[in-house]
Amino acid sequence: MAYNHQQIEKKWQDRWETSGVFHAKDGGEKQKFYCLIEFPYPSGAGLHIGHPRSYTALDVVSRKRRHQGYNVLYPIGWDAFGLPTENYAIKTGRKPQDITRENTDTFRRQLKSLGLSFDWSREVNTTDPSYYKWTQWMFLEFFKAGLAYKTSQPINWCLSCKIGLANEEVVNGKCERCGGVTEKRDKEQWMIAITKYAERLLEGLDTVDYLEKIKSQQRNWIGKSEGAEIDFSVPPLPEGGLGGVGDSIQVFTTRPDTIFGATFLVVSPEVGKKWLDVGWQASEEVRRYVVESLAREEMDRTAEGKEKTGVDTGVVAINPANGKQIPVWIADYVLGGYGTGAIMAVPAHDERDFEFAQKFGLSVVKVIEPEPLQEIINPDVGISHAMQSNVKIVSDCFIGDGVMVNSGDFNGMKSKETMWAIVDKIGARRSVKYKLRDWVFSRQRYWGEPIPLVWCENHQWVAVPNEQLPVVLPDVEKYEPTDTGESPLAAMSDWVNTTCPQCGGPARRETDTMPNWAGSSWYFLRYIDSHNDKEFASRDKLKYWMPIDLYNGGMEHTVLHLLYSRFWNKFLFDRGHVPVSEPYARRHSHGLVLAEDGTKMSKSKGNVVNPDEIVRDYGADSLRMYILFMGPFEEPVPWSLNGLIGVRRFLDKVERYVGDWREVQTNSEVAGVVERSLKKVSDDIESFKFNTAVSAFMSLFNEIVESHVTREQLKKILVVLGPFAPHLANECWEKIGETGMVEEQAWPEFDEALLVQDEIEMGVQVNGKARVTIQISPTADEATAKQLAFADEKIQKHLEGKEIVKIVYVPGRILNIVVK
RNA sequence: GCGCGGGUGGUGUAAUGGUAGCCACGCCAGCUUGAGGGGCUGGUGGCCGUAAGGCCGUGGAGGUUCAAGUCCUCUCCCGCGCACCA
């Protein structure tokens, strides 16, 4: 290898550190740019090779912005609470605090070795009491606003982690962390009412610049449905015995237009349970069904392709649209936790209801016909495809919109247009439902922020006064979670027993801790003023820095973390604590770095790439540039050591080129190439096309390798190279006798005149087939182009004996000669 | 099932509707006294051909256009997310 990367990388990292060039200033003349990466969880495994993908990309943007004269904030910190550390503590009998310190030391060293331009003076750590003091303070804000509440409810309990999980943390009935089995348990849990913000979290998406797929995932998760709540009255049975059911059943539907086809009702086992609890005299069979289906695990109940089960309750209800009596069933395909927990079943127009009706022999009444054929003919496509698409419609269960039939006065009308008329006519109410649930906020574990509340018999839950924050996590003997579901803190009677801040009487501390989403929901605010011990951040600084101009992280966080932190910020905004409602103006996501074989890297498979070894053997600049070059930023891409070596060869070539460089006064031959290449790099950074930016550099050097460029040209090249390979760029800068650092230079301006090529190679086609190329000005007129083309022997041959029908000439693009 | 992305050489990939395959990896050949994935030059989509050249080629089938990887319709496959959410 041509240059000693270990030596030069150390040298420039030291200079950056001592000069403080990457420190952000809180204010001043310059325009601000807040650039954020998701702060890492400092695991014991050390930095993953995937981390630098995000960090380097935003480092490139940050560095470019500094060159452009922005005041850039590019901070870093540690999201250090969490289960792996706690489990490791249990296994080794060591303190999580000590483990965290070691891990963050490792991560810090590793990140510094990459030459990332973080402002290390603002480093934060969520497990630091001076940090979680404010996490606790914010929790109390939720509490004081009535958004944090404790409730007993069935929660997802992971049997192996011994921890309650949020709905979001359960994947197909398994624990997201350990993959273990979960079950439903009734537990007292702290909840935060994120559902109150559902609509605003949805609306806010229209005001921000996120990748479309991120927005759609968020929308999907919030899951807004517009429809109606309809009451189906229940006539009293002559024999009596209906107590508990009440005199009507409320259902939620998004298709009130299909109500004439509602041939039965289905209520969830949860609703059935509620009726039983208040005295419904149901049959033995019904009781058994309710008990058994409630006992079954979620996983089981919602498994795909599962045969539907259910039981006829004997209760009947009246369809308010046509007055018909219809049976009421209980079935577990209706979920207790969504809508009203009851539905009107329209088997003719809903697949699930159809399946159920088929199995139990319930009647099916069609109330919507597909639109007549003419209506769906697409003029651009022609009739044949309309015929094809019509074929789908011919099935037993039709889901789409169409024309009403069997619907009394509404017959013949379009279903879409009758929706709300029907709702009005039957006296139902418009209603909006969301899939989003409230946030389960307590964990029965040690390694998290203590929830700063105290239970007093007289005053119930009381907030710990602000001046007593933080409630510091006490040292405990044992970190093991308990089977009773209590946090290990519960055993610390000295800590648990306290006095009520309101009456001074005896009180007990809450022993649950917060989920580790808590600290990461607001860390971006702390970076703004990380040493402030009076506020989480000063008003003025928040106003200056927020919102975040660019945020990047993994796709795995685009639902939970992004939603929680947006919510958290909106809440703080409502309380007047932060200046903007949406924290992230622009959000990007990067793809995973896969192992060489295209699978996920994992320790057990032994295909993990260690960043330390790469930096040691090939240098940080090689790693940085390769990880940007390997593929499109958003896509998952397999790692390739050979690919990395290829980039290293390129850097060697750069170093050699600069070493051999002799200053020349002018070089107009390559001026255009230099200008256009660097312009492309500059543009590609803006559009996150780092892979083509790197390839533009490679092309550039391939073209200039034979010649010496001028000093100005070379300086430009090195400045633009700086964000990608900052150590080498600086080394070269120094080598050609320039003073200062590349970081201090302005981003180059690009000369319009040089960006335009005066002669290009243009394709000539005959009947759309490329035949030859001609050298021509991109602005040449048609006559010139024709003359050049017709002068070509090959073209002449292709035209021989043919009649020219048409000539299409697009200057700078193509000349197409159409012949017969 | 619904939503969002994708299918291009041996590989990673690139292409404002305008010469498909930039840039790399790998491979082949040659040069260099420089051994441990050293440097340089040239070649490298497939088929036919000594060559000149020709034909074919971006998952598949149609279509629009002077011109389609790109636009439209249908279809197959893959990845990610959500999922009995009424």
Side-chain angles (χ1 to χ4, degrees), chain A residues 1-2 172 211-217 219-221 223-225 227 251-255 258 266 301-306 308 331-335 337-340 342-346 349-353 355-356 378 380-382 384-386 388-389 399 433-436 555-556 558-559 591-592 596 598 626 629-632 634-647 649-650 652-653 656 689 691-692 694-700 702 705 761-774 794 797 805-810 812-819:
Chain A
M1 284 181 196
N172 291 330
L211 289 182
E212 198 45 47
K213 65 176 164 182
I214 298 173
K215 285 192 185 185
S216 76
Q217 278 190 24
R219 287 196 187 101
N220 215 313
W221 192 262
K224 180 180 183 176
S225 296
V251 306
F252 173 71
T253 181
T254 54
R255 293 294 303 272
T258 64
V266 187
R301 218 178 120 172
T302 61
E304 193 182 354
K306 202 203 95 186
K308 286 194 169 39
D332 67 5
Y333 82 92
V334 172
L335 306 176
Y338 182 77
T340 60
I343 61 155
M344 62 176 207
V346 185
H349 305 289
D350 182 282
E351 281 177 295
R352 298 153 300 183
D353 298 343
E355 191 193 329
F356 193 77
N378 180 343
D380 296 335
V381 178
S384 61
H385 293 105
Q388 275 178 15
S389 63
I399 311 299
K433 301 287 181 202
Y434 302 90
K435 290 184 203 170
L436 185 68
M555 278 309 288
E556 70 276 18
T558 52
V559 176
L592 286 177
E596 299 232 14
Y626 169 64
F629 179 62
M630 63 198 301
E634 291 106 78
E635 304 293 323
V637 193
W639 174 262
S640 160
L641 184 59
N642 280 328
L644 174 99
I645 291 167
V647 170
R649 281 206 278 264
F650 165 71
D652 284 335
K653 191 179 196 171
R656 225 178 303 123
K689 290 161 74 177
N691 53 333
T692 54
V694 174
S695 106
F697 266 120
M698 292 173 169
S699 299
L700 170 62
N702 287 343
V705 73
E761 195 174 69
M762 189 178 79
V764 178
Q765 301 179 329
V766 177
N767 283 350
K769 273 195 201 310
R771 292 301 173 185
V772 298
T773 60
I774 53 177
K794 253 171 99 175
K797 239 171 77 189
V805 185
K806 186 173 180 179
I807 288 183
V808 179
Y809 174 59
V810 183
R813 295 267 173 242
I814 202 78
L815 177 69
N816 188 7
I817 305 163
V818 186
V819 298

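Bear in mind the structure is a predicted one, so any value in this text is a computation, not a measurement. Lettering of chains follows the sequences in order, A, B, ..., and the numbering in each one begins at 1.
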* State the pairing partner of B/C55; accept Watson-Crick or G-U wobble contacts with both distances under 3.5 Å, and report none otherwise. => B/G46

* To do: To the nearest 0.5 angstrom, please state how far the NZ atom of A/K806 sits from the CD1 atom of A/I817.
  => 14.0 Å

* Asked: Within the modelled atom types, does a donor on one side and an acceptor on the other bring the side chain of A/K213 and the base of B/C80 under 3.5 Å apart?
  -> no

* For A/E212 and B/C4, what is the distance between atoms CD and P respectively, to the nearest whole Å? -> 9 Å

* **Distance, P atom - from B/A14 to B/C40, rounded to whole angstrom** => 26 Å

* Side chain of A/N816: nearest nucleotide among B/G54, B/A86, B/C66? -> B/C66

* To do: Consider only side-chain N and O atoms of A/K653 and A/N702, and report whether a donor and an acceptor are under 3.5 Å apart.
  => yes

* Asked: What residue among A/T253, A/D353, A/D350, A/L335 forms side-chain contact (heavy atoms from CB on, under 4.5 Å) with A/I343?
  -> A/D353

* Listed nucleotide nearest any side-chain atom of A/V334, set B/G54, B/U13, B/A86 -> B/A86

* When the P atoms of B/G57 and B/U50 are considered, how many whole Å apart are they? -> 24 Å

* Asked: Among B/C66, B/C80, B/C82, which nucleotide sits nearest the side chain of A/V808?
  -> B/C66

* Are the side chains of A/T258 and A/M344 in touch, meaning some heavy atoms are under 4.5 Å apart? -> yes

* Asked: Considering only B/A86, B/U19, B/C4, which nucleotide approaches the side chain of A/S216 most closely?
  -> B/C4

* Asked: Taking the P atom of each, how far is B/G45 from B/U11, in whole Å?
  -> 14 Å

* May I have the distance from A/K215 (atom NZ) to B/C80 (atom P), rounded to whole angstrom? => 25 Å

* Take the angle between the ring planes of A/F356 and A/Y333 and call it parallel below 30°, perpendicular above 60°, tilted in between. => tilted

* Sort out the partner of B/G62 for me: Watson-Crick or G-U wobble, both distances under 3.5 Å, none otherwise. => B/C72

* Asked: Within this structure, what is the CZ-to-C1' distance between A/R255 and B/A86, rounded to whole angstrom?
  -> 11 Å

* Asked: Counting only side-chain N and O atoms of A/K769, is one of them less than 4.0 Å from OP1 or OP2 of B/C56?
  -> yes

* **A/L644 vs A/W639, side-chain contact (heavy atoms from CB on, under 4.5 Å): CA-CA, chis, key distance, verdict** => CA-CA 9 Å; A/L644 174 99; A/W639 174 262; 4.1 Å; yes

* To do: Quote, to the nearest angstrom, the P distance that separates B/C56 from B/G62.
  => 15 Å

* Side-chain contact test, heavy atoms from C-beta onward, threshold under 4.5 Å: evaluate it for A/Q765 versus A/V818 and give yes or no. => no

* Would you give a per-nucleotide map of nucleotides 20-36 of chain B, 5' to 3', where B means the base has a protein non-hydrogen atom under 4.0 Å away, S means only the sugar-phosphate does, and - means neither? => --BBSSS----------

* Using a cut-off of less than 4.0 Å, is there contact between a side-chain N or O of A/S225 and OP1 or OP2 of B/A86? -> yes

* To do: Taking atom C1' in both B/U70 and B/G63, compute the distance separating them and give it to the nearest angstrom.
  => 15 Å

* Asked: Over how many whole Å does the gap from A/M555 atom CE to B/G5 atom C1' extend?
  -> 9 Å

* Could you let me know what B/C82 is paired to, Watson-Crick or G-U wobble, both distances under 3.5 Å, or none if it's on its own? => B/G1

* Taking for each residue the nucleotide of RNA chain B with the nearest heavy atom, is it A/L815 or A/M630 whose nucleotide lies nearer the 5' end? -> A/M630

* **5'-most by nearest nucleotide on RNA chain B - A/R656 or A/V764** => A/V764

* Asked: So does A/K435 get a side-chain nitrogen or oxygen closer than 4.0 Å to the phosphate oxygens (OP1/OP2) of B/G81?
  -> no

* To do: Decide, for B/G79, between syn and anti: a glycosidic angle within 90° of 0 counts as syn, anything else as anti.
  => anti

* Structure fact -> Between CD1 of A/I774 and P of B/G18 the distance, given in whole Å, is 18 Å

* With no hydrogens and no angle check, is any side-chain donor or acceptor of A/Y626 less than 3.5 Å from a backbone partner on A/L641? -> no

* Structure fact -> Answer for the Watson-Crick or wobble partner of B/G21, both distances under 3.5 Å, is none

* Please give the nucleotide sitting opposite B/G30 as a Watson-Crick or G-U wobble pair, both distances under 3.5 Å, or none. => B/C40

* To do: Take atom C1' in B/A35 and the same atom in B/G42, then report the distance between them in whole Å.
  => 25 Å

* Does a nitrogen or oxygen in the side chain of A/Y333 sit under 4.0 Å from OP1 or OP2 of B/A86? -> no

* Could you tell me the separation between the OH atom of A/Y809 and the P atom of B/G17, rounded to a whole number of Å? => 20 Å

* Whole-Å gap separating C1' (B/G81) and CD1 (A/I214) -> 12 Å

* Looking at every strand, decide which applies to A/V810 at a 4.0 Å heavy-atom threshold: base, sugar-phosphate, or nothing. => base

* To do: Determine the contact category for A/N691: base if any of its heavy atoms lies under 4.0 Å from a base atom, sugar-phosphate if only primed atoms, P, OP1 or OP2 are that close, otherwise nothing.
  => sugar-phosphate

* **Phosphate-side-chain proximity, A/R771 and B/G53, N/O vs OP1/OP2 below 4.0 Å** => no

* **Interatomic distance where CZ belongs to A/R219 and C1' belongs to B/C82 [whole Å]** => 15 Å

* Asked: If the P atom of B/G21 is compared with that of B/G30, how far apart are they to the nearest Å?
  -> 28 Å

* **B/U8: pairing nucleotide in any strand, Watson-Crick or G-U under 3.5 angstrom** => none

* Considering residues, nucleotides and ligands other than A/E634, do more than 12 of their heavy atoms fall under 6.0 Å from its CD? -> yes

* Which value, in whole Å, describes the distance between the P atoms of nucleotides B/C48 and B/G59? -> 24 Å

* Asked: Does B/U13 have a Watson-Crick or wobble mate here (both distances under 3.5 Å), and if so which one?
  -> none

